[in-house]
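First up is the structure itself, then whatever we jot down about it.
Everything quoted here is computed from the prediction, not taken from an experiment. Atoms within each ligand, like the ligands themselves, are counted from 1 in listed order.
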Amino acid sequence: VVAEVIVDIGHSNVDRIFEYAVPEGMTLCAGMHVLIPFGGGNRMTEGFVVGLSETSAYPAEKLKKVTRVLEPYSIFTQEQLEIARWIKETCHCLLVDALRLMIPAQMRGGRVHEKTVRTVTRALTLEETREAIDSLTTASGGCRAPVQRAVLEILSGSDCPIAVSDLNQMAPGASGALAAMEKKGWVLIGDQNVYRRPYQALDRRQEPPQATPAQERVISAVTGALETGGEFLLRGVTGSGKTEVYLRCIQSCIERGRTAIMLVPEISLTPQTVERFRGRFGDRVAVLHSRLSYGERFDEWRRIRMGKVQVVVGARSAVFAPFERLGLIVIDEEHEASYSSDKTPRYDAREVAKKRCELCGGVLLMGSATPSLESYYRAERGEYQLLTLRERINRQPLPAVQLVDMRQELAGGNRSIFSASLYRAIRECLHKGQQAILFLNRRGYSTFVSCRGCGEVLRCDRCDVSLTYHKSDGTLRCHYCGQSRPVPAVCPQCGKPFLKHFGVGTQQVEEAVNRYFPTARVVRMDYDTTQKKDAHLTLLNAFANREADILIGTQMIAKGLDFPQVTLVGVVAADATLHVPDFRSAERAFQLITQVAGRAGRDEAPGRVIVQTYTPEHPSIRFAASHDYEGFYRYEIGEREKGEFPPFGDFVRFLFVGENDQALQTESAAFAEALRSLLLRFMQERGIGEETLIYLCSCPAPLQYIKGEFRHQVLVKLRRDKESGMLLELMGAFTRSWEGSSLPVFEVNPQNML
Ligand code: ADP
Ligand code: ZN
């Protein structure tokens, strides 16, 4: 038998199958992790067995032998091997990179091991223990060996083994006394294999509420498909009980003996979320996310692989959970950009989930209050089955949203960050002892130029995205097509000299709050204040425990959090979200305002939402204020069609990163030229009209220099039609075979243009 092995080396030179002989007596299966001699020097190298075959093109005596099997089980399931091959094809990456996605990184190179802990068990009956304690007592009532006595007292409370480390906590010095106690036959010392469990303390059973008729309809549609497979998009307003729907569907799935994956955005994976799932499914749930320690992640992964759990709750990469008999994948907040990986391989968890469900005959359920345009478009065309929850639980009204026109504030002489309405609302809220959230889009990196007089935003006439101000040379640049021009002196729309680049940051808002409301207690949550491990949970807890009156934050506070005492939500600068140079900016703005507004009035006290903007007439803001998803979708899908953006066009970017700016520029220009002639030749051969290629250019990336490296890019825009898929494949193949000094990062419709 011959083993087909992918070596665990991330280089395109070795990204192919190497054949190894399986020595006599070794049992090997596809998916196993092995040690093999590799290369001229026969260095011991790790590898993954992706297949077995009876024959080889090489004579048997020429094949090297597999040295050793590293784990006594397949670390990849058959289905995962298939998914890895599919990712290699669709994400244009190395097979080994795709495989690495599916196992805890620390498994490679033998860096994590199963953990055993030293434990102590009582060897005596309770009565004997009493006697032993007495034997330590002196005639005068003192104690000969206080530590031993303390250990015996602790052990008398339990029949189970206790970890020595725990015992040491309760009785300092205990480990030193154990040897003597073991000799006397009082205790047994042993080693026990343990799984490190995050959130151990959280298991608390919760009784499910009675599902509402609307929830019931959704649940039965989804569970009805568990036998046959299916793809669903659930649109449910904030607070409509989507999570309860997910819980019921998962319940039904595991009752059928199958397993389920629940994906949530990293940022919503709080202890509260985990508690909801643990509360329902107890020990049958594993949790996977990036804040786990290496050991915890490895152990959770192993519990899944060994079939000890049936449900996984996790962020993006949990879509690769090594389940067998997978029956359901749920994706909450389906529209979140974080489902798309920003590192190579640039996979999209939604697409991986779809593929996995196809392979295993499972059900895909994606839910959101504001589904992504692309998904809703698919649902409209019948590719996904659309389900809706139109009302909040208990028919609670959605909060009223008040729009404030900041142009009028300026005309009225108010130049502060707060409009008169927002100022008064904050004052009133503090006065009543209630809590407020002030929301800002990211931390002031939004650098578009707008007119404070009329609200006009300077946009690229070719791409219809807002232009970005580059401080270094004072120019305006389009992040899509690379065009640049100087900042005009006056507004092209109203002629007034109020052009200003926009950038209110969270810090400025905090300063303003301190100035106007000096007694208010403030928590600020942004990138800067959440860098330490668990900082973001600490801050949220402080706010939840009412240690602060006002929470100021970026989009990381927009979703998933339930703060009953919050009665006011202020969106300080809605425009900052609106004019991010990105074809999805209108959609993102709509989603953010809708989500933020959903934070208010989750409890009895009615909620109030104030949105400050220079462009209250903008559809994203108008439709979000009236909670009208359908209206927004109709508008925006029309815009996408006009602009030939997804789902009507595809936008491809090739990013070159390197230390030598000049060389990079030359290389990306050469790449662009070679790519252009390849595409044109191919299109001509296939009779594809020239209009399919909308443009192709090379230019500096929006962020030209990050962490000591320069960045250049080649941008291509294609009209989407029957043939454009072929062009994308062609570009992928071209990229992989590019023989320049660096391989560019190839992305189709990237979530982020920086
Ligand atoms: P969503 O995920 O759509 O925002 P949730 O599932 O978080 O909504 O539900 C909102 C609130 O309503 C939660 O506090 C939840 O416990 C409660 N809830 C959900 N379904 C029901 C139900 N059938 N009966 C009573 N309360 C419910
Ligand atoms: Zn442009």
Original post:
Glu300 and side-chain contact (heavy atoms from CB on, under 4.5 Å): which partner among Val287, Val309, Val312?
Top reply: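 Of Val287, Val309, Val312, side-chain contact (heavy atoms from CB on, under 4.5 Å) with Glu300 is met by Val287 alone.
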**OP:** For atom 19 (C) of ligand 1, state which one of Leu247, Thr212, Thr273, Ile393 supplies the nearest heavy atom.
**Re:**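 That would be Ile393.
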**OP:** Have a look at Lys242, Glu244, Gln595, Gln210 and point out the one with the heavy atom closest to atom 22 (C) of ligand 1.
**Re:**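 Selected option, by shortest heavy-atom distance: Gln210.
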Subject >> Over-ring placement of Arg325 relative to Phe323, 6.0 Å and 45° cut-offs >> reply: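 Relative to the ring axis of Phe323, which defines the angle, Arg325 lies outside at least one limit.
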Considering only heavy atoms, does [X] approach ligand 1 within less than 4.0 Å through its side chain, its backbone, both, or neither?
X	result
Val237	backbone
Arg276	side chain
Pro209	side chain

Original post:
Looking only at side chains, do Thr238 and Gln595 share a donor and an acceptor under 3.5 Å apart?
Top reply: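 Note: Thr238 and Gln595 side chains miss the donor-acceptor criterion.
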Subject >> Check: Gln612 side chain, Val572 main-chain N or O, donor-acceptor pair, under 3.5 Å >> reply: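 Judged by distance alone, yes, a pair lies under 3.5 Å.
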Original post:
Do the ring centers of Tyr423 and Phe517 come within less than 6.0 Å of each other?
Top reply: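 So the answer is yes for these two rings.
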Subject >> Close approach of Gly236 to ligand 1, heavy atoms, under 4.0 angstrom >> reply: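 Flag not set, Gly236 not near ligand 1.
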